[in-house]
Trainee: 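Pasting in a structure now, in structure tokens, and then I'll have a few things to ask.
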Amino acid sequence: MEGIEHRMVSVNGINMHIAEKGEGPVVLLLHGFPELWYSWRHQISALASHGNRAVAPDLRGFGDTDAPPSTTSYTAFHVVGDLIALIDLLGQDQVFVVGHDWGAWIAWCFCLFRPDRVKAVVNLSVAFIPRNPLAKPLDLIRAALGDDYYFCRFQEPGDMEEVFAHFGTASTLKRFIMSLKAEPLYLPKGKEFGDSPDHEISLPSWLSEEDLNYYASKFDIKGFTGGLYYYRVFNLNWELMAPWTGVQVKVPAKFVIGDLDLVYNTLNAKEYIHDGGFKSDVPFLQDVVVIEGAGHFINQERSDEINTQILDFIKKF
């Protein structure tokens, strides 16, 4: 973590924590759930060492950034609004955007709403999701995968917060990380992780106890609700984004995913990514990379490969 600077900035009516390092073109790094700026620790140093200014915020609701209490304060417009205000504050007309998980979804929205502010985008794990004007996305997910699918279980206010509290913060993070395999994730009520809180779970090789303790220390303070709000406004986002139905993402793009990522192995993701749908919706998509043997948290699990993928792409611009 040597040389990474931390500060609080005022953006879009909230106080946001950012971690940054380096000088040069700004690369904005957007994390997912249940993560923080810290998820990009390997990329921050690599980007900075190659002549870039890496900026990794805690998104609203996470870490040291403010967490407004209202569910409806977490729409794509709020979060992208935070990021536009951030790059204004940094004095940047355009930035590179790199996203993972929810951060990738936010990055796609950023490119939809303000393509003029993005030089290029590299997204990990979550491909662009075109708006289906005929049905709300949560309804489609529930119909296809059922009420026990994690996305559906995350909807009820307070429900999963109680489950996570029962297991404890560090234990919840371990279980959630280790549950994300190459198949849909189900969290049946009363048997969410299939074991008891006192059952020991080993960490993957790419995450140390020190890393886990950092995440846990922040989620102990902030809780998980802010992150869960991103799931809970999914249908609201669908309603608000009606004007963007059929709009293409017209920003140079690269997409990287692990072949063991649950997102890659759920619903029709592979067909969409490889059979022309993705390229149709993102016409400036220049490259799709599938990394064999890699799971969901690919920027941490395969950090050197991801660093190379990002650097090779952004140096073109």
Side-chain angles (χ1 to χ4, degrees), residues 25-32 40 43 46-47 50 52 54 76 79-80 83-84 87 93-133 137 140 182 234 237-238 241 243-292 294-299 301-302 305-317:
V26 169
V27 184
L28 194 60
L29 300 161
L30 309 180
H31 67 79
W40 299 107
Q43 286 71 45
L47 286 163
H50 285 80
N52 301 283
V79 184
V80 173
L83 300 172
I84 292 293
I87 65 174
D93 291 327
Q94 286 191 318
V95 296
F96 294 108
V97 181
V98 180
H100 170 253
D101 188 74
W102 273 114
W105 189 80
I106 292 297
W108 292 123
C109 292
F110 194 129
C111 295
L112 265 186
F113 302 158
R114 294 301 304 271
D116 58 307
R117 307 301 298 272
V118 184
K119 291 179 185 175
V121 62
V122 181
N123 271 333
L124 316 178
S125 180
V126 175
F128 178 66
I129 304 170
R131 184 182 185 274
N132 181 343
L140 295 173
F234 208 46
N237 277 318
W238 177 86
M241 291 173 66
W244 283 268
T245 302
V247 176
Q248 296 173 313
V249 173
K250 292 189 174 179
V251 168
K254 181 175 187 172
F255 181 67
V256 186
I257 195 166
D259 69 342
L260 301 181
D261 192 323
L262 83 162
V263 180
Y264 192 55
N265 293 280
T266 301
L267 297 175
N268 299 314
K270 289 181 185 178
E271 291 80 2
Y272 173 71
I273 290 168
H274 298 296
D275 293 350
F278 193 12
K279 179 67 173 176
S280 175
D281 293 326
V282 187
F284 301 150
L285 179 66
Q286 296 188 13
D287 204 4
V288 171
V289 178
V290 180
I291 297 181
E292 291 186 12
H296 182 68
F297 297 97
I298 195 167
N299 48 326
E301 181 183 347
R302 297 289 188 88
E305 290 173 69
I306 294 302
N307 294 345
T308 300
Q309 294 289 348
I310 295 169
L311 288 163
D312 284 351
F313 189 61
I314 67 174
K315 73 182 181 184
K316 299 177 181 179
F317 302 94

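The figures here come from the full heavy-atom set of this structure, side chains too, leaving out hydrogens, waters and symmetry mates. Just so we're clear, the structure is a prediction, and the values are computed from it rather than from any experiment.
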Trainee: Pro25: which residues meet the side chain to side chain contact (heavy atoms under 4.5 Å, CB included) condition with it, sequence neighbours left out?
Mentor: Asn52, Phe96, Lys119

Trainee: Quick one, Leu83 and Ile87 - any side-chain contact, counting heavy atoms below 4.5 Å?
Mentor: no

Trainee: In Å and rounded to the nearest 0.5 Å, what is the CD to CG distance from Gln43 to Leu311?
Mentor: 9.5 Å

Trainee: Distance from Asp261 atom CG to Phe297 atom CZ, nearest 0.5 Å?
Mentor: 9.0 Å

Trainee: Contact between Leu47 and Leu29 at the side-chain level, heavy atoms closer than 4.5 Å - yes or no?
Mentor: yes

Trainee: Donor-acceptor pair, distance only, cut-off 3.5 Å: does the side chain of Trp40 make one with the backbone of Asn299?
Mentor: no

Trainee: Over all heavy atoms of both residues, which pair between Arg114 and Asp116 is shortest? Give the atoms and the distance, please.
Mentor: NH2-OD2, 2.8 Å

Trainee: When you compare the side chain of Ile298 with that of Val256, does any pair of heavy atoms fall below 4.5 Å?
Mentor: yes

Trainee: To check you understand the geometry: which heavy-atom pair defines the closest contact between Ser125 and Val263, and what is its length?
Mentor: O-CG1, 3.4 Å

Trainee: Check each of Leu260, Asp259, Leu124, Ile306 against Ile291 using the side-chain contact (heavy atoms from CB on, under 4.5 Å) test, and report the only one that passes.
Mentor: Ile306

Trainee: Might you point out which heavy atoms bring Phe313 and Ala120 nearest each other, and give the distance in Å?
Mentor: CE2-CB, 3.8 Å

Trainee: For Pro243, give me all partners under side chain to side chain contact (heavy atoms under 4.5 Å, CB included), at least two apart in sequence or on another chain.
Mentor: none

Trainee: Looking at side-chain heavy atoms only, is the closest gap between Gln309 and Val289 below 4.5 Å?
Mentor: yes

Trainee: Does a side-chain heavy-atom distance below 4.5 Å link His50 with Lys315?
Mentor: no

Trainee: To the nearest 0.5 Å, what is the distance between CG (Asp287) and NZ (Lys254)?
Mentor: 5.0 Å

Trainee: What I'd like to find out is whether the side chain of Phe110 reaches to under 4.5 Å of the side chain of Ile84, using heavy atoms alone.
Mentor: yes

Trainee: Side chain of Asn123, backbone of Gly99: donor and acceptor closer than 3.5 Å?
Mentor: yes

Trainee: Taking the side chain as every heavy atom from C-beta outward, state whether Trp108 and Val249 have any atom pair closer than 4.5 Å.
Mentor: yes

Trainee: Considering residues at least two apart in sequence or located in another chain, which fulfil the side chain to side chain contact (heavy atoms under 4.5 Å, CB included) criterion with Val247?
Mentor: Leu112, Trp244

Trainee: Less than 4.5 Å apart, side chain to side chain, heavy atoms only: is that true for His100 and His296?
Mentor: yes

Trainee: Check side chain to side chain donor-acceptor pair (under 3.5 Å) between Asn265 and all other residues, then give those that pass, not counting sequence neighbours.
Mentor: Lys270

Trainee: Dump the intermediate steps for side-chain contact (heavy atoms from CB on, under 4.5 Å) on Phe128 and Gln248, then the final yes or no.
Mentor: CA-CA 10 Å; Phe128 178 66; Gln248 296 173 313; over 6 Å; no

Trainee: Considering only distance and modelled atom types, tabulate donor-acceptor pairs under 3.5 Å from the side chains of residues 276-283, sequence neighbours left out.
Mentor:
{"from": "Lys279", "atom 1": "NZ", "to": "Pro283", "atom 2": "O", "distance (Å)": "3.0"}
{"from": "Lys279", "atom 1": "NZ", "to": "Leu285", "atom 2": "O", "distance (Å)": "2.7"}
{"from": "Asp281", "atom 1": "OD2", "to": "Tyr272", "atom 2": "OH", "distance (Å)": "2.7"}

Trainee: Looking at every heavy atom in both Asp101 and Gly32, which two are closest together, and how far apart are they?
Mentor: OD2-CA, 3.5 Å

Trainee: Can you name the ring pair (Phe, Tyr, Trp, His ring centres under 6.0 Å) partners of His274, sequence neighbours left out?
Mentor: Tyr264

Trainee: Show, in sequence, the C-alpha distance, side-chain angles and deciding distance for Trp102 and Trp105, and conclude whether the ring pair (Phe, Tyr, Trp, His ring centres under 6.0 Å) test is met.
Mentor: CA-CA 5 Å; Trp102 273 114; Trp105 189 80; 5.6 Å; yes

Trainee: To the nearest 0.5 Å, tell me how far Gln94 CD sits from Leu28 CG.
Mentor: 13.0 Å

Trainee: Kindly give the heavy-atom pair with the smallest separation between Gly258 and Val290, and that separation in Å.
Mentor: C-CG1, 4.5 Å

Trainee: To check you understand the geometry: which heavy-atom pair defines the closest contact between Ala76 and Ile106, and what is its length?
Mentor: CA-CD1, 4.3 Å

